[in-house]
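Everything on this sheet refers to the single structure shown next.
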Amino acid sequence: MAHGFDTLQIHAGSRPDPATGARQTPIYQTTAYVFRDADHAAALFNLQEVGFIYSRLTNPTVAVLQERIATLEGGVGAVCCSSGHAAQIMALFPLMGPGRNVVVSTRLYGGSITQFSQTIKRFGWSARFVDFDDMEAVAGAIDDDTRAIFCESIANPGGYVTDLDAAAKVANDAGLPLIVDNTSATPYLCRPIDHGATLVVHSMTKYLTGNGTVTGGCVVDSGNFDWSASGKFPSLSEPEPAYHGLKFHETFGPLAFTFHGIAIGLRDLGMTLNPQAAHYTLMGIETLSLRMQRHCENAMEIAQWLETHDAVAAVTFAGLPSSPSHEKAQRICPKGAGGLFTVTLKGGYDACIKLVDSLEIFSHVANLGDTRSLVIHSASTTHRQLTEEQQIAAGAAPDVVRFSIGIEDPKDLIADLNQALAKATA
Ligand SMILES: *Cc1c(COP(=O)(O)O)cnc(C)c1O
């Protein structure tokens with residue numbers, strides 16, 4: 001019987017601890033695991049038997065989290081890692097190689113734009129930035145060296161929703177995997193695999209943990225992609241020398257990507273999630289649906305209030321009927337458009353700075369998806385490494401502030417905004 005989301009967010013992947021009966025998932029704070037005997041050790045190292053060897057690869061607390069997120073996203077498996085940025089490298093690593101490229105949306109988290117436009121070049125990889133409102137341009141950017149397509153579901157810095165069905169069609173027609181960063185939506189609001197995504201990545205730092213206590217990331221595999229069909233993904237389809245010529249796709253079928261992520265990715269890149277962080281994220285996920293409902297309700301109420309305020313030139317929130325993303329939001333994330341949006345102030349850059357400095361309940365931080373309401377002036381912080389053209393394309397122009405609406409009493413948040421806007425426009 002398929003359980004509902006509210007049940008799965010509490011139970012998926014966990015069972016009473018077999019040793020003690022502990023009802024809550026224990027924090028297995030251990031580096032290594034004792035082998036039953038030498039044959040057992042050999043079978044584990046040959047990937048002939050699944051089990052625990054060393055916590056850089058697998059840990060029981062982390063394993064519960066992996067199964068829980070995979071279940072909530074409708075995937076076959078997941079690999080957790082140390083941050084959202086680690087997850088992006090872990091997702092691309094088996095697919096890419098020197099000279100290969102990934103076609104990515106211009107509307108991404110600022111750090112992702114930097115990672116893709118600068119840092120991945122050190123691996124000989126490159127990214128091609130395209131406006132995902134123009135699917136012909138996305139298709140046109142694909143060439144023989146393209147190995148993946150990457151976008152966010154509800155995209156940073158808020159208010160834009162990607163047409164995942166259309167992106168999946170372009171990827172599918174080209175025989176390429178679609179990778180969707182689902183950080184801002186979470187599987188409660190959007191399940192990209194249901195719209196045709198191959199892989200889903202998360203910064204668990206944000207809504208999944210939900211209270212600003214950890215950094216963590218995750219790659220979820222749909223299990224739907226044929227890694228052997230085109231010969232373009234030899235890491236998954238060809239013999240792996242480090243495992244005596246084992247072929248991941250042939251051996252593990254739909255779990256090939258997940259096994260590769262653990263057996264090669266975590267083993268050799270070492271971007272491991274620690275069990276303590278996994279525990280905090282498991283705690284967070286237990287209340288994910290309740291929090292997301294409140295984030296969405298509060299964001300809607302505050303966005304509507306701001307839209308009518310004299311100091312405000314524009315509010316980009318996909319929940320508002322005025323948003324160009326409104327129709328897409330109803331298809332892609334019908335339960336709500338999330339808790340992120342941007343506001344353009346008529347007073348420009350200076351008014352934005354004054355607003356940020358005058359808010360009392362809202363914290364000025366480089367984070368999102370906290371229970372607390374957060375604000376940031378992206379152009380002077382998270383997006384400051386970008387050119388003004390990139391800032392505008394990413395929705396982070398100098399006269400724009402981004403809000404991450406928390407789950408406090410919305411009356412208090414509106415009162416705080418009211419006093420701060422008065423100061424910003426004085
Ligand atoms: C925060 C964030 C990331 C990066 O995650 P970290 O956990 O900070 O490494 C990637 N994508 C999105 C959408 C984010 O919000």
Side-chain angles (χ1 to χ4, degrees), residues 62 65 69 73 78-93 102 104-120 127 129 132 148 150-162 164 179-190 192 197 199-220 269-274 277-278 280-281 284-285 292 295 299 318 332-333 337-342 365-370 372 374-376 378 381-383 385-386 394-396 402-406:
V62 176
L65 178 60
I69 297 177
E73 286 285 5
V79 181
C80 286
C81 51
S82 53
S83 71
H85 270 7
Q88 292 169 194
I89 296 296
M90 290 279 293
L92 290 173
F93 183 64
V102 53
V104 305
S105 172
T106 46
R107 294 181 189 82
L108 294 181
Y109 178 70
S112 302
I113 295 177
T114 309
Q115 187 185 48
F116 290 153
S117 62
Q118 307 297 331
T119 305
I120 64 170
F129 287 85
F132 271 52
F150 187 101
C151 61
E152 297 180 6
S153 46
I154 297 179
N156 257 276
Y160 179 85
V161 176
T162 307
L164 298 182
I179 307 173
V180 177
D181 181 341
N182 200 32
T183 299
S184 304
T186 81
Y188 179 68
L189 297 180
C190 173
L199 303 172
V200 178
V201 294
H202 275 283
S203 169
M204 307 192 302
T205 313
K206 313 296 170 48
Y207 291 107
L208 291 183
T209 306
N211 50 28
T213 46
V214 305
T215 59
C218 186
V219 187
V220 183
L269 300 177
M271 306 169 176
T272 304
L273 185 74
N274 71 75
Y280 287 124
T281 304
I285 291 176
M292 292 315 291
H295 281 295
I332 305 293
C333 47
L340 303 178
F341 58 81
T342 65
V365 299
N367 193 16
L368 59 92
D370 196 320
R372 275 155 276 276
L374 312 175
V375 64
I376 192 152
S378 305
T381 55
T382 52
H383 288 61
Q385 313 300 341
L386 309 184
R402 193 207 56 214
F403 290 100
S404 170
I405 303 298

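Keep in mind the model is a prediction, meaning the values are calculated, not measured. Counting convention: from 1, in listed order, for ligands and their atoms alike. Side-chain atoms are counted along with the backbone in the values below, which use heavy atoms only and exclude waters and symmetry mates.
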Do any nitrogen or oxygen atoms of [X] come within less than 3.5 Å of a nitrogen or oxygen of ligand 1?
X: K206; value: yes
X: G84; value: yes
X: T215; value: no

Open item on the list: So, 4.0 Å and heavy atoms of Q88: is ligand 1 close enough to count as a contact?
Closed with: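 Yes, that is the case, since the closest heavy atom of the residue is under 4.0 Å from the ligand.
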Task: Aromatic ring proximity, centroids under 6.0 angstrom, Y188 and Y207 - done: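 No, the ring centres sit 6.0 Å or more apart.
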Open item on the list: With heavy-atom distances below 4.5 Å as the criterion, would you say the side chains of C151 and V180 are in contact?
Closed with: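 The answer is yes, as the side chains (C-beta and beyond) meet within the 4.5 Å cut-off.
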Task: Student check: side-chain heavy atoms of L208 and P187 closer than 4.5 Å - done: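 Heavy-atom side-chain distance check passes, below 4.5 Å.
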Open item on the list: Could you work out, with ring pair (Phe, Tyr, Trp, His ring centres under 6.0 Å) as the rule, every residue matching Y280, not counting sequence neighbours?
Closed with: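 Here no residue qualifies.
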TODO: Using the test ring pair (Phe, Tyr, Trp, His ring centres under 6.0 Å), find all partners of F403 that sit at least two apart in sequence or belong to another chain.
DONE: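 F403 satisfies ring pair (Phe, Tyr, Trp, His ring centres under 6.0 Å) with F341, F362 once adjacent residues are dropped.
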Please list, in number order, the atoms of ligand 1 under 4.0 Å from a heavy atom of [X].
X: E152; answer: 13 (C)
X: N156; answer: 13 (C), 15 (O)
X: L368; answer: 15 (O)

TODO: Please report the shortest heavy-atom distance between A127 and F116, naming the atom on each side.
DONE: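 Of all heavy-atom pairs spanning A127 and F116, the closest is CB-O, 3.5 Å.
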Open item on the list: Please compare S203, A366, A86 and report which has the shortest non-hydrogen distance to atom 8 (O) of ligand 1.
Closed with: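 Nearest option to atom 8 (O) of ligand 1, by heavy atoms: S203.
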Open item on the list: Checking a contact table here: which protein heavy atom is nearest atom 7 (O) of ligand 1, and how many Å away?
Closed with: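 Going atom by atom, the protein heavy atom closest to atom 7 (O) of ligand 1 ends up being T205 OG1, 2.6 Å.
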Task: Identity and separation of the nearest protein heavy atom to atom 11 (N) of ligand 1 - done: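 Scanning the protein heavy atoms, the shortest distance from atom 11 (N) of ligand 1 goes to D181 OD2, 2.6 Å.
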Task: Short side-chain to backbone donor-acceptor contact, S83 and T215, under 3.5 Å - done: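 No: the side chain of S83 does not pair with the backbone of T215.
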